[in-house]
Amino acid sequence: VKIALFLAGYGHVARRFAQLLHESEGALAALGIEPVVVAALSRRRGAAFDPDGLDLGAFERRPQTATNDPAAVARILDDMRPFPVRVLVETTTLNIESGEPAISHVRAALAAGADVITANKGPVAFAYRALADEAARAGRSFLFEGAVMDGVPIFGLVRDTLPAVTVTGFRGVVNSTTNYILTAMEQGEAYDTALARMQQAGVAEADPSLDVDGWDAAAKTAALANVLLDANTTPLALPREGIGPSTAARAVQARARGRRLKLVASGTGHGASADLRVALEELAADDPLAILDGQANALELQTWPLGRIVITQRDGGLEKTAYALVADLVTLARNRSMDR
Ligand SMILES: NC(=O)c1ccc[n+]([C@@H]2O[C@H](COP(=O)([O-])OP(=O)(O)OC[C@H]3O[C@@H](n4cnc5c(N)ncnc54)[C@H](OP(=O)(O)O)[C@@H]3O)[C@@H](O)[C@H]2O)c1
């Protein structure tokens, strides 16, 4: 089936996704999926639509002067109506105060009868319950596998492979930048040097406060809690700790005692009473979260009746986040074929 894609946000993730669609052409064709990017939107390049397939190279070369037109998303989704399957691929910048503009983009897509896939944490961290309800009412998919642990299928694992399991809690190391800096500081490296290396590698943002102040981990905690524990919360509502130059001494001392200091995202309980936090914790050396070095991430799910399940991501990164969008595309195509 031909699937028309609208890339809302055309930055690192969206560009890698577009490339991965080509690299995965054969695998997707074998699943009966023929994706075609017909529209794109960026803050400075404005919006573009071509029903015959958008020239993304030309879109990228556009002068970066466009003013933001909030109505553009709805207009383009309308232009896309001749396509039987329309998908919004949301990868705009996360605004940690509100989850916008992504929430509005998702809402506009569902209202127009389109499916949504996103690597942006905003919609699931700030408005999961409302958007999931809107998607259900519209009979469309709202998928966000790339929001936590890049391409590792956390949400899909629970949704598709753990039927009749209750998730009672989770704990994880979910931010690569802070884990890398903590690991480096244990070995005597200065905070600023380790952070600069993460920025050079394109892992940490130019403004690193989203990572080091714990906001990224808080957004992931809210996303996990909203989906797995029905918490209906936001990143702003949870206790949050970050790391800084003064964390070095604690990391070194913990290591000297055979323990390790980690920035742990955790949640237990259910609904509004779920206990959620992002906190620095000193872990025993044999804890599955303590053994993570550098940019590695891991998440432990506490479940009934399956007990504790740990999933580790040893190789995160842009390509893996792009893969999460490809996996979501396959999931939504499967959802569509089940509807028929
Ligand atoms: N990078 C990763 O490894 C990674 C991993 C997991 C999740 N994510 C999430 O994926 C999303 C994209 O990340 P990225 O690294 O691709 O970011 P990026 O390179 O900064 O790209 C962001 C894109 O969003 C566009 N944008 C920003 N505000 C907009 C608005 N109001 N309306 C329309 N477009 C807007 C930007 O437009 P201009 O280009 O015109 O400025 C840019 O094209 C973020 O939410 C991020 O948290 C990223």
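Predicted model only: the values in this text are computed from it and were never measured. Note that ligands are numbered from 1 as they come in the structure, with each ligand's atoms numbered from 1 the same way.
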Atom 21 (O) of ligand 1: closest protein heavy atom, distance to 0.1 Å, is G11 CA, 3.2 Å

Based purely on interatomic distance, does G9 place a nitrogen or oxygen under 3.5 Å from a nitrogen or oxygen of ligand 1? no

In this structure, atom 31 (N) of ligand 1 is nearest to the protein heavy atom N68 ND2, 3.1 Å

Could E282 and R250 be called an ion pair, given the rule that one side-chain N must be under 4.0 Å from one carboxylate O? no

Top protein contact for atom 46 (C) of ligand 1, by heavy-atom distance: K121 NZ, 4.4 Å

Closest to atom 16 (O) of ligand 1 (heavy atoms only, candidates V13, T321, V73) is V13

The one among R45, R43, M149, E90 that brings a heavy atom closest to atom 37 (O) of ligand 1: R43

Of all the non-hydrogen atoms in the protein, which one sits nearest to atom 15 (O) of ligand 1, and at what distance? H12 CB, 3.7 Å

Protein contact of atom 9 (C) of ligand 1 - nearest heavy atom, named by residue and atom, plus distance: A119 O, 3.4 Å

With a 4.0 Å cut-off, would you call D216 and R240 a salt bridge? no

Considering the heavy atoms of N120, write down every atom of ligand 1 situated less than 4.0 Å from one of them. 45 (O)

For atom 45 (O) of ligand 1, which candidate among L210, T93, T92 provides the closest heavy atom? T92

P101 contact mode with ligand 1 (heavy-atom cut-off under 4.0 Å): side chain

Under 6.0 Å from the CZ atom of R308, do we count more than 12 heavy atoms belonging to anything else shown? no

Nearest to atom 43 (O) of ligand 1, what protein heavy atom do you find, and at what distance? Y10 N, 2.9 Å

Nearest protein heavy-atom contact for atom 23 (C) of ligand 1: which residue, which atom, what distance? T91 O, 3.7 Å

What about the rings of Y128 and F144, do their centers lie closer together than 6.0 Å? yes

Could you tell me whether R336 and D115 have a side-chain N and a carboxylate O separated by less than 4.0 Å? yes

Can we say R255 and E186 salt-bridge, meaning some charged N sits less than 4.0 Å from an Asp/Glu carboxylate O? yes

Under 4.0 Å, heavy-atom basis, I'd like to know which part of Q64 is in contact with ligand 1: side chain, backbone, both or neither. neither

Look at the side-chain heavy atoms of Ile, Leu, Val, Met, Phe, Trp and Tyr, link any pair under 4.5 Å apart, and say whether Y323 and I117 land in one connected group. yes

Is there a polar contact, in the sense of an N or O pair closer than 3.5 Å, between R44 and ligand 1? yes

Output the rest of the hydrophobic cluster of L283: all Ile, Leu, Val, Met, Phe, Trp and Tyr residues reachable through side-chain heavy-atom contacts under 4.5 Å, sorted by chain and number. V173, V264, L289, L292

So, D79 and R86, do they make that salt bridge, N to O below 4.0 Å? no

Run the salt-bridge test on R16 and E23 with the 4.0 Å N-O cut-off and return the result as yes or no. yes

If we number the atoms of ligand 1 from 1 as shown, the ones under 4.0 Å from a heavy atom of L318 are 1 (N), 3 (O)

